[in-house]
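As the structure lists them, so they are numbered: ligands from 1, and atoms in each ligand from 1. Just so it is clear, the structure is predicted and the values come from calculations on it, not from any experiment.
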Amino acid sequence: MLLSLEDLTTVFPSASGPVRAVNQVSFSIDRGEVLAVVGESGSGKSVTALSATRLVPQPPAIIESGRALLDGEDMLALPMRKMRRLLGRRVAMLFQNAFAALHPLRSIGDQLLETIVLHREVSRSDALRIGVDLLRSLGFVDPPALMKRYSFDVSAGDAQRAMLAFALAGEPDLLIADEPTSLLDAVAQDEILTLLKQIQARTGMAIWLITHDFGVVSRLADRVVVMYGGRAVESGPVDALLGEPRHPYSRGLIASVPDANARGRLRQIPGEIPDLARLPAGCAFRARCDRAQTRCGSDEPVALPVGDGRTARCWLYSDAA
Ligand SMILES: Nc1ncnc2c1ncn2[C@@H]1O[C@H](COP(=O)(O)OP(=O)(O)OP(=O)(O)O)[C@@H](O)[C@H]1O
Ligand SMILES: [Mg+2]
């Protein structure tokens, strides 16, 4: 096992009480595995990743409890100096907006070489060779020309492919990609997804993929975690989970996607995500659930096994239900 999150909880203080953005989340990622995390906006997908890597700003965030074990070592307990060294080398991040990540007044090459020098501890001339090879492997026909350019001068797709080069510069074991293609047109999106798949197959790098798009999930993921209201409510292998979701929330999300290969965005489920500062007793999905029972109003569901290495936090699957 490469990464294991155990009962991770992150809160944001607010006037109406602590917002439980990440609520006792547990899941793991094997070496070379692609794990997709899906869920509506505000369900805690990004804050989970930012907490595990200590990139969430503290304050305002408070990582209240939990562990994030990378090869058995708790990233949450590492001295910050060691954590900074680890980021980029063993765990790298790819975000949605490449233009926000790139410095507008420095050339792409200048920034890339700096990143390579930092993570690989090589000379500037070795970094240049590595950078050119890296960009070529990502489909850039003329890497030196790209390196001379500035972020405002390239397309969104090229900027995101360049960001992928930054992420791969340290040869990480795990890439955390948060909505890496959601701002791109279909062609650029396809290009990035194909590259991610190729890199993962070639290098055995694991990917923690955060997305709204079930088309992306079915193309890339081995396993899926569904988040709702700060909780991981269901997890399992991609085909089983997309084919036969168990949690009523997952069923609602997946219901409108005609088949696993179709491009499909998450469907709107009637009702709203509960106020994370005033979570109701029992199951947070209860008010929107068409299968709710009396017990759901008082007892918070625990993660129950639902077959084939799958779990669901839902009382439908308790023997007592
Ligand atoms: N800086 C912040 N201050 C206060 N609360 C925050 C902050 N960042 C996130 N939150 C809270 O954490 C919750 C989870 O946010 P998060 O960004 O993880 O959602 P998400 O699932 O990534 O959504 P999206 O799909 O829109 O990216 C939000 O609903 C919000 O209430
Ligand atoms: Mg997010």
Side-chain angles (χ1 to χ4, degrees), residues 3 5 7-27 29 35-66 68 75-76 91-101 160 163 167 175-184 189 192 207-217 220-221 224-235 247 249-250 252-254 256-257 263-269 271-280 284-285 287-288 313:
L3 179 78
L5 297 189
D7 288 323
L8 184 63
T9 298
T10 300
V11 304
F12 291 96
S14 83
S16 46
V19 171
R20 314 198 76 76
V22 180
N23 203 342
Q24 287 182 291
V25 167
S26 299
F27 59 78
I29 305 178
L35 178 91
V37 176
V38 299
E40 284 165 294
S41 190
S43 57
K45 305 180 296 295
S46 297
V47 176
T48 302
L50 295 172
S51 300
T53 50
R54 311 258 293 273
L55 291 170
V56 70
Q58 304 178 79
I62 300 165
I63 300 177
E64 205 175 69
S65 64
M75 292 193 284
L76 302 183
V91 178
M93 313 284 293
L94 180 67
F95 295 105
Q96 180 175 51
N97 190 346
F99 295 117
Q160 192 62 324
M163 286 320 297
L175 175 69
I176 304 180
D178 192 345
E179 304 272 4
T181 60
S182 56
L183 295 180
L184 304 179
Q189 173 164 354
I192 295 281
I207 303 177
W208 171 350
L209 177 72
I210 297 171
T211 180
H212 279 102
D213 189 329
F214 277 115
V216 173
V217 173
L220 241 55
V224 183
V225 168
V226 179
M227 287 194 68
Y228 181 76
R231 292 230 182 235
V233 295
E234 177 163 6
S235 68
H247 195 285
Y249 174 67
S250 319
L253 278 185
I254 292 162
S256 69
V257 183
R263 258 220 166 96
R265 301 237 123 209
L266 301 194
R267 188 175 73 136
Q268 288 296 330
I269 300 176
E272 280 177 11
I273 286 199
D275 179 349
L276 297 176
R278 301 165 198 261
L279 283 175
F285 187 60
R288 299 167 81 184
R313 273 186 186 264

### Task
Kindly confirm or rule out an N or O of Gly44 lying under 3.5 angstrom from an N or O of ligand 1.
yes
#### Entry: The single option from Val225, Leu3, Ile176 passing side-chain contact (heavy atoms from CB on, under 4.5 Å) against Ile29
Leu3
### Query
Tell me, do Pro13 and Ile62 make a side-chain contact under 4.5 Å, heavy atoms counted?
yes
### Query
Do any N or O atoms from the side chain of Lys45 and from the backbone of Met227 form a donor-acceptor pair under 3.5 angstrom?
no
### Message
Tell me the contacting part of Val47 for ligand 1: side chain, backbone, both, or neither, using a 4.0 Å heavy-atom threshold, strictly below.
### Response
both
### Task
Heavy-atom distances under 4.0 Å are what count here, so tell me which part of Glu40 touches ligand 1: side chain, backbone, both or neither.
backbone
### Message
Looking only at the side chains, is there a donor atom on one of Tyr249 and Glu234 sitting less than 3.5 Å from an acceptor on the other?
### Response
no
### Query
For the Mg ion (ligand 2), does an N/O/S atom of Ser41 lie at less than 2.8 Å?
no
### Query
Which ligand 1 atoms are under 4.0 Å away from a heavy-atom of Val19?
31 (O)
### Message
Polar contacts were defined as any N/O atom of the residue lying under 3.5 Å from an N/O atom of the ligand; does this apply to Gly39 and ligand 1?
### Response
no
### Query
Would one find an N or O of Lys45, backbone or side chain, under 3.5 Å from an N or O of ligand 1?
yes
### Query
With a 4.0 Å cut-off, would you call Glu64 and Arg20 a salt bridge?
yes
### Among His212, Gln189, Gln96, side-chain hydrogen bond (donor to acceptor under 3.5 Å, both in side chains) partner for Ser182
Gln96
### Task
Just go through Pro13, Pro59, Ser46, Ser41 and tell me whose heavy atom is the nearest to atom 22 (O) of ligand 1.
Ser46
### Task
Report, in ascending order of atom number, the atoms of ligand 1 lying under 4.0 Å from any heavy atom of His212.
25 (O)
#### Entry: Spacing of Asp178 atom CG and Trp208 atom CH2 [to the nearest 0.5 Å]
9.5 Å
### Task
Pick, from Gly42, Pro57, Ala21, the option with the minimum heavy-atom distance to atom 29 (O) of ligand 1.
Gly42
#### Entry: atom 10 (N) of ligand 1 - nearest protein heavy atom and its distance
Phe12 CE1, 3.4 Å
### Message
Looking at atom 4 (C) of ligand 1, tell me if a protein heavy atom falls under 4.0 Å from it.
### Response
yes
### Message
Please check this pair: side chain of Arg54 against backbone of Met75, looking for a donor-acceptor N/O pair closer than 3.5 Å.
### Response
yes
